[in-house]
Protein chains: 2
Amino acid sequence: MEKQGRLSLFRSEPFFFIQNVIDNITSQVGARENVNELKDIKADSTISDVAKAARVSVATVSRVLNGSGAVSAKTRLRVEEAIRELSFMPNASAKSLRALRTMTIGVIVSDILVSYYAEIIKGIENTANALHYKIIICDAQNQKEKESDYMTLVMNRTVDGIILITPKLTDAELAAYAEKGYAIGLIGRSIDHPLIPCVYTDNVGAAQEAVSHLTIQGHERLAFLSGFADATDSYERLEGYMKALRLAGLPFVPELIENGGFSENGGYDAFHRLMDKGHPFTAVFAANDEMALGIYRACSERGLSIPEDMAVIGVDNNRVSKYITPTLSTVDQPKYSMGALLAEKLIDQLGGNQYADRRSFQVGSKLLVRQSSLFEVKRNRLQQPSSD
Amino acid sequence: MEKQGRLSLFRSEPFFFIQNVIDNITSQVGARENVNELKDIKADSTISDVAKAARVSVATVSRVLNGSGAVSAKTRLRVEEAIRELSFMPNASAKSLRALRTMTIGVIVSDILVSYYAEIIKGIENTANALHYKIIICDAQNQKEKESDYMTLVMNRTVDGIILITPKLTDAELAAYAEKGYAIGLIGRSIDHPLIPCVYTDNVGAAQEAVSHLTIQGHERLAFLSGFADATDSYERLEGYMKALRLAGLPFVPELIENGGFSENGGYDAFHRLMDKGHPFTAVFAANDEMALGIYRACSERGLSIPEDMAVIGVDNNRVSKYITPTLSTVDQPKYSMGALLAEKLIDQLGGNQYADRRSFQVGSKLLVRQSSLFEVKRNRLQQPSSD
DNA sequence: AGCAATGCTGAAAACGATTACAGTTCCCTT
DNA sequence: AAGGGAACTGTAATCGTTTTCAGCATTGCT
């Protein structure tokens with residue numbers, strides 16, 4: 001159903017073959033003639049250039065720049081004129097070296113593309129920016145090793161602190177960084193450490209609420225799709241799932257647990273594996289929406305209707321979940337605010353507020369009940385997304 | 001249909017009220033007792049600490065660190081031991097100050113949340129990282145002024161160069177930066193300047209192909225939803241739309257053009273405005289998928305079936321477009337590769353390759369024909385997304 | 001043995017800002 | 001007019017690296 005356009009190469013794997021890419025996806029557009037007179041274009045002037053131009057010392061220029069110390073109106077004007085004239089901007093590296101801080105924080109995520117992370121990042125960026133901080137984005141590509149690699153940023157003082165979103169590093173490793181004096185903060189994960197601020201949701205409770213919503217509707221055999229085996233949030237959701245079963249007086253069937261690696265394809269495969277085990281079930285709780293999308297596809301292949309034959313609930317409130325048919329029930333978190341809050345806390349700590357009264361914040365999530373988990377669902381109509 | 005959970009505050013506006021956020025979304029979790037023995041935790045040691053420990057000069061340590069110059073095996077071992085012992089890491093600011101470069105590039109986007117940008121960013125980050133560069137993300141929040149603000153990053157040497165994705169700055173402004181000696185690159189926009197590398201798609205051609213696809217199917221009155229008035233890509237898509245009309249011998253009706261600001265709600269409003277003008281039409285080409293989603297909602301409200309009553313085509317291949325019912329026809333671009341390619345080119349230029357043979361790269365896009373633009377559409381079934 | 005070449009090492013000068021300290025000017029009292 | 005204090009300004013140290021230059025020791029060669 002997809003008509004091929006003019007070009008064949010599209011992204012599918014990581015980028016390893018730069019020349020390849022160039023050769024494949026581009027068509028040269030007028031190789032511009034070279035220009036030679038750019039050597040002498042000098043963008044920067046230093047503070048001493050300004051001092052010279054204004055016939056004052058560098059100290060005075062610095063005072064004008066930072067509004068520190070007293071400077072006579074006459075001198076100030078001359079300096080400001082010189083600054084404008086030379087379009088001078090103080091060198092950030094020099095400033096950082098002297099101040100021993102960079103006004104930058106790093107943000108480590110496992111995949112920028114996942115909208116869950118993107119929204120948190122937005123919250124972090126906006127807040128950080130308002131507080132005059134910049135953020136360096138680190139895509140760990142789901143690899144724990146890359147996470148560790150990126151930690152060097154705080155160790156070599158490229159950044160003043162690092163925010164990790166649902167990291168793979170262990171509690172012990174994280175604690176070690178903090179105790180060495182590196183400022184780190186956590187989002188979507190809690191840790192009991194006096195130096196590490198964190199913002200997280202009650203995964204257990206949320207999962208329990210979601211699964212209870214299913215049992216209340218009469219489901220007695222419910223499957224669970226976990227994410228990565230080493231992901232705390234996935235584990236906590238499993239815990240909530242088990243709690244809900246217990247609460248409903250239902251038995252825990254280990255065969256009804258499968259691992260889907262948080263990805264759509266993973267969810268798709270895992271669901272098929274579940275179905276083939278010979279332990280029938282009528283509802284499935286997926287540790288995130290991506291896997292739920294995979295379930296949709298698998299159900300479609302097996303001729304199962306959602307929610308009549310199979311109820312589905314995910315987590316994350318992925319953008320797609322609201323638009324797909326049937327709309328997907330899911331657990332939503334205030335992602336933007338979570339990012340904003342942690343950024344504010346971490347920067348506060350960087351500012352020397354070492355003894356904040358609290359470092360650990362649990363924020364609420366909410367279950368969005370949509371069509372995929374309700375028995376009576378209006379279907380066969382163009383979906384009109386609700387406006388949450 | 002959305003059940004309210006425990007908490008009410010969810011992100012809707014920019015973040016301005018930090019204390020507010022805290023008070024609203026959090027519940028305190030065990031205010032940890034303060035710790036006092038952290039003053040003496042010293043994370044960093046300097047190169048001279050290492051030198052002292054190894055009983056050599058700082059110059060020698062530097063040589064060991066960078067593999068420059070000759071160092072005797074015996075000394076090298078001693079230095080390496082000292083480095084390990086002190087877990088020394090060279091200070092990035094000092095390095096940058098000395099080297100006059102930061103190994104960092106800035107990336108300015110108008111909204112991180114838009115998946116189009118996120119995917120480009122991923123391409124940039126992965127490539128930059130492979131080349132030992134870091135990226136600073138700048139969310140301009142659709143404001144031209146913020147774009148300019150972020151340009152200070154390259155002027156004060158926080159970053160070595162800046163990549164702008166479909167910026168609002170004018171060609172003249174961009175050229176001015178480049179001519180002052182600041183390294184900038186463009187994605188999703190072309191500029192005819194010898195110093196500015198850019199990677200872009202043929203918006204005109206792609207739009208023309210999309211609209212022609214509609215006219216070929218017999219549509220004679222087609223509307224166009226533009227994005228921002230000042231966005232080049234939106235303008236180019238309008239151009240393609242007009243070309244396609246001309247090609248099909250159809251009249252251009254100015255009343256059938258509306259501005260939707262690239263957002264879902266904007267598209268929704270714009271579509272309603274179009275419908276109320278009294279100039280009937282049977283198909284609409286939206287300058288991006290977000291607006292197309294708004295059109296879906298508006299159509300649903302007006303009882304219009306897609307594609308029977310109204311054919312719709314968008315641009316961007318938003319994640320949702322594949323999952324919504326009916327699936328949305330759209331124009332796809334190799335976003336990841338575009339980011340990767342430009343990052344590689346810009347960094348190449350930073351490396352001193354001032355006279356690259358080409359700086360301007362046009363990459364192909366492809367029209368994905370899905371259900372929303374086809375007359376005979378299978379509907380009323382659970383959608384099974386195709387696997388593009 | 002004398003000398004050049006080589007290998008290794010250290011001292012010191014950058015890089016571009018901030019800031020403590022000291023020195024100068026100016027104005028106001030007495 | 002002298003003295004004191006405030007206001008202003010400059011000198012120089014400092015942040016932590018890299019790198020040039022020179023010095024010393026060792027080696028190899030004649």
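Values reported hereafter were calculated over all heavy atoms of this structure, with side chains retained and with hydrogens, waters and symmetry mates removed. Not measured: the values here are computed from a predicted model.
- Between A:T60 and D:dT9 there is no side-chain polar atom (N or O) within less than 4.0 angstrom of OP1 or OP2.
- OP1 or OP2 of C:dG10 sits under 4.0 Å from a side-chain N or O of B:S57.
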Side-chain donor-acceptor contacts of residues 98-108 of chain A below 3.5 Å, not counting sequence neighbours, with atom names and distances?
| unit_1 | atom_1 | unit_2 | atom_2 | d |
| --- | --- | --- | --- | --- |
| A:T102 | OG1 | A:T104 | N | 3.4 |
| A:T102 | OG1 | A:T158 | O | 3.1 |
| A:T102 | OG1 | A:D160 | OD1 | 3.0 |
| A:T104 | OG1 | A:T102 | O | 3.0 |

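- Across the interface with DNA chain D, nearest-nucleotide mapping of A:A99 and A:V56 shows A:V56 to be the residue nearer the 5′ end.
- Scored by the side chain to side chain contact (heavy atoms under 4.5 Å, CB included) test, B:N129 finds A:Y150, B:E125 as partners (sequence neighbours excluded).
- Between B:I47 atom CD1 and C:dA11 atom C1' the separation is 14 Å, expressed in whole Å.
- Partners of A:R78 according to the side chain to side chain contact (heavy atoms under 4.5 Å, CB included) rule, which considers only residues two or more places apart in sequence or in another chain, are A:R55, A:V56, A:T75.
- Spacing between atom CG of A:N156 and atom C1' of D:dG16 amounts to 12 Å, rounded to whole angstrom units.
- Applying the side-chain hydrogen bond (donor to acceptor under 3.5 Å, both in side chains) test to residues at least two apart or on different chains, the pairs with a partner in residues 162-178 of chain B are B:Y117-B:T166, B:K144-B:E173, B:T170-B:E173, B:D171-B:R189.
- With A:L342 as reference, A:I187 is the one residue of A:I187, A:L164, A:I347 to meet the side-chain contact (heavy atoms from CB on, under 4.5 Å) rule.
- Atom P of nucleotide D:dT17 and atom CG of B:L97 are separated by 12 Å, given to the nearest angstrom.
- Atoms CE (B:M103) and P (D:dT17) sit 17 Å apart, rounded to a whole Å.
- With sequence neighbours excluded, the residues forming a side-chain hydrogen bond (donor to acceptor under 3.5 Å, both in side chains) with B:N66 are B:S62, listed by chain and number.
- Only A:R63, A:A70, A:V71, A:S72, A:T75, listed by number, bring a heavy atom of residues 61-83 of chain A to less than 4.0 angstrom from any atom of DNA chain D.
- Interface remark: the B:R98 side chain does not form any donor-acceptor pair with the D:dT17 base, using a distance-only criterion of under 3.5 Å.
- Computed from coordinates, the B:K52 NZ to C:dG10 P distance equals 14 Å when rounded to whole Å.
- In this structure, B:K95 reaches the D:dT18 phosphate: one of its side-chain N or O atoms is under 4.0 Å from OP1 or OP2.
- Atom CE of A:M155 is separated from atom P of D:dG16 by 18 Å (rounded to the nearest Å).
- Annotation for A:L86 and A:A53: closest pair CD1-CB, 4.2 Å, computed over non-hydrogen atoms.
- With rounding to whole Å, A:L100 atom CG is found 8 Å from D:dC15 atom P.
- Closest to the A:F88 side chain, of the nucleotides C:dG10, C:dA17, D:dT17, is C:dA17.
- In this structure, the side chain to side chain contact (heavy atoms under 4.5 Å, CB included) partners of A:E85, at least two apart in sequence or on a different chain, are A:E81.
- The residue among B:A94 and B:V58 whose nearest nucleotide of DNA chain C is located toward the 5' end is B:V58.
- Taken over five-pair windows at either terminus, the axes of the helix from C:dA1-D:dT30 to C:dT30-D:dA1 are inclined to one another by 60° (rounded to 10 degrees).
- Counting to the nearest Å, the C1' atom of C:dT18 and the CE atom of A:M89 are 17 Å from each other.
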* Can A:D111 and A:Q141 be said to form a side-chain contact (heavy atoms from CB on, under 4.5 Å), step by step? -> CA-CA 5 Å; A:D111 186 352; A:Q141 300 175 49; over 6 Å; no
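- Evaluation of the side chain to side chain contact (heavy atoms under 4.5 Å, CB included) rule for B:V58 yields B:I47, B:S48, B:A51 as partners, not counting sequence neighbours.
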